[in-house]
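Only one structure is covered here, and it is reproduced in the block below.
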Amino acid sequence: MKCENCTKKECSKKQKNDDQQNMPADFLNSNGEDEEKSEFHKLANAKIFLSDCLACENCITSEEAVKVFQQNQKELFRILNLNKKCDTSRHKVLAVSICPQSLPYFAAKFNICVTEAAKRLCGFLRSLGVHYVFDTTIAADFSILESQKEFVQRYRHQNQEEYALPMFASACPGWIQYAERVLSSLVTPYICTAKSPQQIMGSLVKGYFAKQQNLSPEKIFHIIVAPCYDKKLEALREDFYAPLYSSQDVDCVLTSGEIFQIMEQRETSLKEVAEVAFDTLFGGITEGELIRHNGRRSDGYLEHIFKHAAKELFDTEVKEITYKVLKNKDFQEVTLEKDGETVLRFAAAYGFRNIQNMVLKLKKGKCFYHFVEVLACPGGCLNGKGQAQTEDGKPDKALLRQMEDVYAAVPVQLPETNGHVQKLYQEWLEGMDSTRVRETLHTKYSMEKPAANSLDIKW
């Protein structure tokens with residue numbers, strides 16, 4: 001199958017007879033009758049889902065392709081075996097950080113609660129030889145807090161700055177990759193500059209934690225466990241690299257499904273593994289139950305930013321958010337009314353077709369939203385292709401429903417109430433509005449389309 005960015009006649013990984021089965025329903029039913037949908041096809045004549053496109057070796061550079069395919073279970077066992085050798089100078093401290101949206105997968109697979117799944121997964125990884133296992137929720141706290149601050153600033157300056165609004169969320173690596181390499185300056189000025197939780201966790205582990213442990217960053221091998229494959233690409237970003245130490249902030253990304261495969265190969269059930277609590281970046285282990293953010297299938301950027309903006313800009317306390325479903329369940333809207341006027345209009349756009357429709361509205365000057373939570377996977381992060389797929393590559397709807405149920409049962413905590421985050425702002429980042437914060441927690445996006453590479457890619 002040919003994806004929209006390739007100049008070759010066929011992508012070598014996409015030669016399938018059942019092309020139509022992989023297309024969104026809107027593509028199959030389109031008859032070009034309405035103007036928006038017609039222009040939508042001209043904008044990007046997509047024949048595969050965004051996450052599929054980014055996993056295709058003809059849609060990324062040859063160097064990236066090699067590095068992406070090197071991120072697999074063999075890398076984990078390579079480090080484990082290296083640590084067994086006599087030459088201790090080559091040993092690595094093995095740290096694994098787990099995304100909150102990966103934990104419901106293991107909970108659903110083994111029919112246990114998310115907190116128990118987290119502890120047993122920690123126990124399993126420790127039994128393999130992993131030294132530290134972290135929860136990336138603290139990194140998401142930073143990302144959400146910085147996104148909240150940036151949105152309020154953009155809103156207040158919307159009449160002075162051309163690209164202030166709408167602000168697009170920056171947490172999804174599939175969306176960012178597509179925005180930078182295909183849409184370029186059409187959308188990148190609108191993307192929030194706050195780094196994603198994965199990027200921030202990389203800085204926390206190889207920056208703050210390494211210093212606390214008196215370790216050089218290159219002595220730590222840092223693995224992220226995540227629900228989707230696109231995070232493997234995110235780990236390769238240039239702003240993820242410390243030239244001084246020749247070290248990536250994240251050395252390898254493994255999907256939830258890849259970790260489950262290790263369990264299957266070892267004939268291990270999580271129910272048989274001893275419970276071990278998460279480690280903390282401050283030394284010691286965590287206590288109490290696991291917590292999550294106020295999102296239905298993700299880290300909840302829309303809800304947190306909406307409530308913060310309502311309070312900060314309009315002195316309005318929002319307790320519950322009501323979503324209005326628009327064209328489909330993956331495109332929903334939230335609004336705030338004040339004195340008969342709509343003062344905040346947010347949207348959640350999940351999946352490639354909704355992303356494309358949103359971009360089309362922006363291109364035509366008809367995107368009237370103040371903030372859009374953009375996620376490449378239909379259904380959000382829980383539906384990442386690294387964990388919510390059947391063996392034949394189709395969405396596992398029954399498993400997704402189970403994951404949603406167990407995830408909803410996890411207690412919610414506001415990022416503002418995390419005392420560890422406030423401590424890190426002062427001790428690690430030199431204050432809430434310091435230069436260090438801008439350098440460590442924010443990033444820049446490519447404004448120009450990259451030149452074609454050796455694979456003859458035309459972006």
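All values below were derived from every heavy atom in this structure, side-chain atoms included, with hydrogens, water molecules and symmetry-related copies excluded. Since this is a predicted model, take the numbers as computed values, not measurements.
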Heavy-atom side-chain proximity of [X] to [Y] below 4.5 angstrom:
| X | Y | result |
| --- | --- | --- |
| Pro227 | Cys99 | yes |
| Tyr323 | Glu333 | no |
| Lys195 | Ser203 | yes |
| Lys311 | Val318 | no |
| Phe209 | Leu204 | no |
| Tyr190 | Pro166 | yes |
| Thr136 | Gln198 | no |
| Glu75 | Ile223 | no |

Any residue meeting salt bridge (charged side-chain N to carboxylate O under 4.0 Å, His left out) with Glu430, in chain and number order, not counting sequence neighbours: Arg436
Lys149: salt bridge (charged side-chain N to carboxylate O under 4.0 Å, His left out) partners, not counting sequence neighbours: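 In terms of salt bridge (charged side-chain N to carboxylate O under 4.0 Å, His left out), with neighbours along the sequence ignored, Lys149 is linked to Glu146, Asp433.
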Nearest 0.5 angstrom please: [X] [atom1] to [Y] [atom2], how far?
| X | Y | atom1 | atom2 | value |
| --- | --- | --- | --- | --- |
| Gln158 | Met167 | CD | CE | 13.0 Å |
| Leu165 | Arg345 | CG | CZ | 13.5 Å |
| Leu233 | Ile176 | CG | CD1 | 12.5 Å |
| Gln332 | Leu302 | CD | CG | 9.5 Å |
| Leu103 | Arg120 | CG | CZ | 14.0 Å |
| Asp330 | Asn383 | CG | CG | 8.5 Å |

Report, as yes or no, whether the 6.0 Å neighbourhood of atom [atom1] on [X] holds more than 12 heavy atoms from other residues, nucleotides or ligands.
| X | atom1 | answer |
| --- | --- | --- |
| Phe314 | CZ | yes |
| Lys397 | NZ | no |
| Lys211 | NZ | no |
| Glu238 | CD | no |

Verdict with reasoning, Thr435 to Arg438, per side-chain contact (heavy atoms from CB on, under 4.5 Å): CA-CA 5 Å; Thr435 301; Arg438 290 190 292 275; 3.2 Å; yes
Does the pair [X]/[Y] count as a salt bridge with the N-to-O cut at 4.0 Å?
| X | Y | answer |
| --- | --- | --- |
| Glu161 | Arg156 | no |
| Lys307 | Glu312 | no |
| Asp279 | Arg126 | yes |

Ignoring hydrogens and angles, tell me if any N or O in the side chain of [X] forms a donor-acceptor pair with the backbone of [Y] under 3.5 Å.
| X | Y | result |
| --- | --- | --- |
| Gln71 | Lys232 | yes |
| Lys92 | Glu218 | yes |
| Thr255 | Glu258 | yes |
| Arg154 | Tyr163 | yes |
| Arg292 | Val412 | no |
| Thr193 | Lys444 | no |
| Ser102 | Ile98 | no |
| Thr417 | Leu414 | yes |

Passing option when Phe352 is tested against Trp175, Phe331, Tyr178 for ring pair (Phe, Tyr, Trp, His ring centres under 6.0 Å): Tyr178
Over all atoms of both residues, closest heavy-atom pair of [X] and [Y]:
| X | Y | answer |
| --- | --- | --- |
| Ser256 | Gln387 | OG-OE1, 2.6 Å |
| Ser170 | Tyr445 | CB-OH, 3.2 Å |
| Ser97 | His222 | OG-NE2, 2.7 Å |
| Ile138 | Met201 | CG2-SD, 4.3 Å |
| Ser143 | Tyr301 | OG-OH, 2.6 Å |
| Asp135 | Pro100 | OD1-CG, 4.2 Å |

Sole residue of Gln148, His304, Gln422 in side-chain hydrogen bond (donor to acceptor under 3.5 Å, both in side chains) with Glu416: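 Running side-chain hydrogen bond (donor to acceptor under 3.5 Å, both in side chains) over Gln148, His304, Gln422 with Glu416 returns exactly one hit, Gln148.
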Whether Tyr155 and Phe151 hold their rings parallel, tilted or perpendicular, with breakpoints at 30° and 60°: tilted
His420 and Phe282 aromatic ring geometry - parallel, tilted or perpendicular at 30°/60° bounds: parallel
Distance under 6.0 Å and angle within 45° of ring axis: Lys109 vs Phe260: yes
Evaluation steps, side-chain contact (heavy atoms from CB on, under 4.5 Å), between Leu344 and Phe371: CA-CA 9 Å; Leu344 288 178; Phe371 174 81; over 6 Å; no
Derivation of the side-chain hydrogen bond (donor to acceptor under 3.5 Å, both in side chains) call for Asp141 and Gln413: CA-CA 10 Å; Asp141 283 340; Gln413 176 179 288; 4.7 Å; no
Residue pair Leu76, Leu128: steps toward the side-chain contact (heavy atoms from CB on, under 4.5 Å) verdict: CA-CA 10 Å; Leu76 168 61; Leu128 294 178; 4.3 Å; yes
side-chain contact (heavy atoms from CB on, under 4.5 Å) between Phe221 and Val250, worked out: CA-CA 8 Å; Phe221 193 86; Val250 173; over 6 Å; no
Partners passing side chain to side chain donor-acceptor pair (under 3.5 Å) against Lys206 (at least two apart in sequence or in another chain):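 Listed in chain order: Ser247, Asp251.
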Residues Ser298, Gln101; criterion side-chain hydrogen bond (donor to acceptor under 3.5 Å, both in side chains); working and verdict: CA-CA 7 Å; Ser298 65; Gln101 292 78 30; over 6 Å; no
